Peer 1: 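This structure is in structure tokens; I'll ask about it shortly.
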Amino acid sequence: MLAEKIRHLAKAFETDGIEIRRHLHAHPELSYQEFKTSRFIQGKLTEYGIPHVIMADTGVVGIISGKNPESRIIALRADIDALPIAEQNDVPYRSMTEGVMHACGHDVHTTCLLGAARILQTLREDWEGTVKLIFQPGEERNPGGASIMIREGVLDNPKPQAIFGLHVNPQLEVGGVSFRSGKVMASADEFFIDVKGKGGHAAAPHWTTDTILVAAHLITSLQQIISRNNNPFSPSVLSICSIQGGYTTNVIPAEVKLMGTFRAMDEDWRFKAHDIIRRQCRAIAEAMGAEIALHIDVGYPCVYNHKQLHQVAWSLAGEYMGQEMVSETELRMGAEDFGYYSEKIPGCFFRLGTANAARGITSGVHTPLFDIDESAIAIGMGMMAWMGAKASLETS
Ligand code: NI
């Protein structure tokens, strides 16, 4: 009954949703600079009659009360920032800001949450509890807008029992959604290594410290942390993605810089690995007579989907969309700052199918040709509203 009403409203608001998405898509803003986007969201919430406050400069938090507002409190989250990518799509709603693009679908996430807000507000006599709407900045850049919102109290007063977030998936055909229990995405930390030594003539290496050779040892040794120290049943990746040093054939450089990323699915292993990386750097520096400065920029934690909440969400999704439309999300070593919420309260991060292979809409996120099949919008709006209205951790 409620599902039917939500499906009906999602359809009724679909045209508006597409218009909103196209507006956001045409006006993307980089992480922590989402001022116009923030004002746009505030304007829409005001239009729908939903009270809201601003957090973390450009974040917006709205509250919708159903019947018995104290009985349950559910948070729904969308990220609102775009990426420094020049769009190559030739569409009427193409980015109007040179070099900035909604290439990760955050325009779609924002649209789906605005749509869900409008649906929940319209139907507030039909569901119980309170829904907290979280529009957060800066998902694409450290320290992650989620961490700032949490520090500013987004999960307090009232404290949600559970939180839902969705993400577009250009590998999943439109019409479908996918869920996964437990770990769904990895933690991501960046590391920066600066190898210094006495450079000099290439023909007299005994008068120098060969920073190139030190860097080579570091690369080999750090790779082995994954193969020799990590539990093979727990996915983890270390990639060195930049090596800079030297400029000619006959000079040993005084400095070589390395940069890379370290990802894990286990928070204990993650920090143990940081210690091993530090130890290797120290030992190699000592053994080879170089100086090594290491900086690890600690990024987002793993995204963990609460087991019971996952079960609830999976069966609710089946009820709303038909079980054949619900599938299991594959594991990813990508990262998401939703992990900060799911670290604090039960969370469920799910995927919204946005691909349409027949129409050639399959380009991945973070690419200049990323786009979606817009019929995903009504599904996303409806699913978020449905979770907001129905999901609960209390067994009924
Ligand atoms: Ni994203």
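Predicted model only: the values in this text are computed from it and were never measured. Indexing begins at 1, ligand by ligand and atom by atom, following the structure's order.
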Peer 1: Please tabulate, for the side chains in residues 149-165, all donor-acceptor contacts under 3.5 angstrom to protein atoms that are two or more places apart in sequence or on a different chain.
Peer 2:
| residue | atom | partner | partner atom | Å |
| --- | --- | --- | --- | --- |
| E152 | OE1 | A56 | N | 2.7 |
| Q161 | OE1 | I73 | N | 3.3 |

Peer 1: Does atom CD of E330 have more than 12 heavy-atom neighbours, drawn from other residues, nucleotides or ligands, at distances under 6.0 Å?
Peer 2: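 Yes, enclosed.
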Peer 1: Which of the protein's N, O or S atoms come within less than 2.8 Å of the Ni ion (ligand 1), not counting waters?
Peer 2: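 Correct list: C104 SG, H106 NE2, H167 NE2.
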Peer 1: Return yes if a side-chain donor-acceptor contact under 3.5 Å exists between D337 and Q136, otherwise no.
Peer 2: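 There is such a pair between these side chains.
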Peer 1: Decide if atom CG of D90 counts as having more than 12 heavy atoms of other residues, nucleotides or ligands within a radius under 6.0 Å.
Peer 2: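 12 or below, so no.
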Peer 1: Can any side-chain N or O of T46 pair as donor or acceptor with the backbone N or O of Q42 at less than 3.5 Å?
Peer 2: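 Yes: the side chain of T46 pairs with the backbone of Q42.
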Peer 1: Can we say K36 and E34 salt-bridge, meaning some charged N sits less than 4.0 Å from an Asp/Glu carboxylate O?
Peer 2: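 No salt bridge links K36 with E34.
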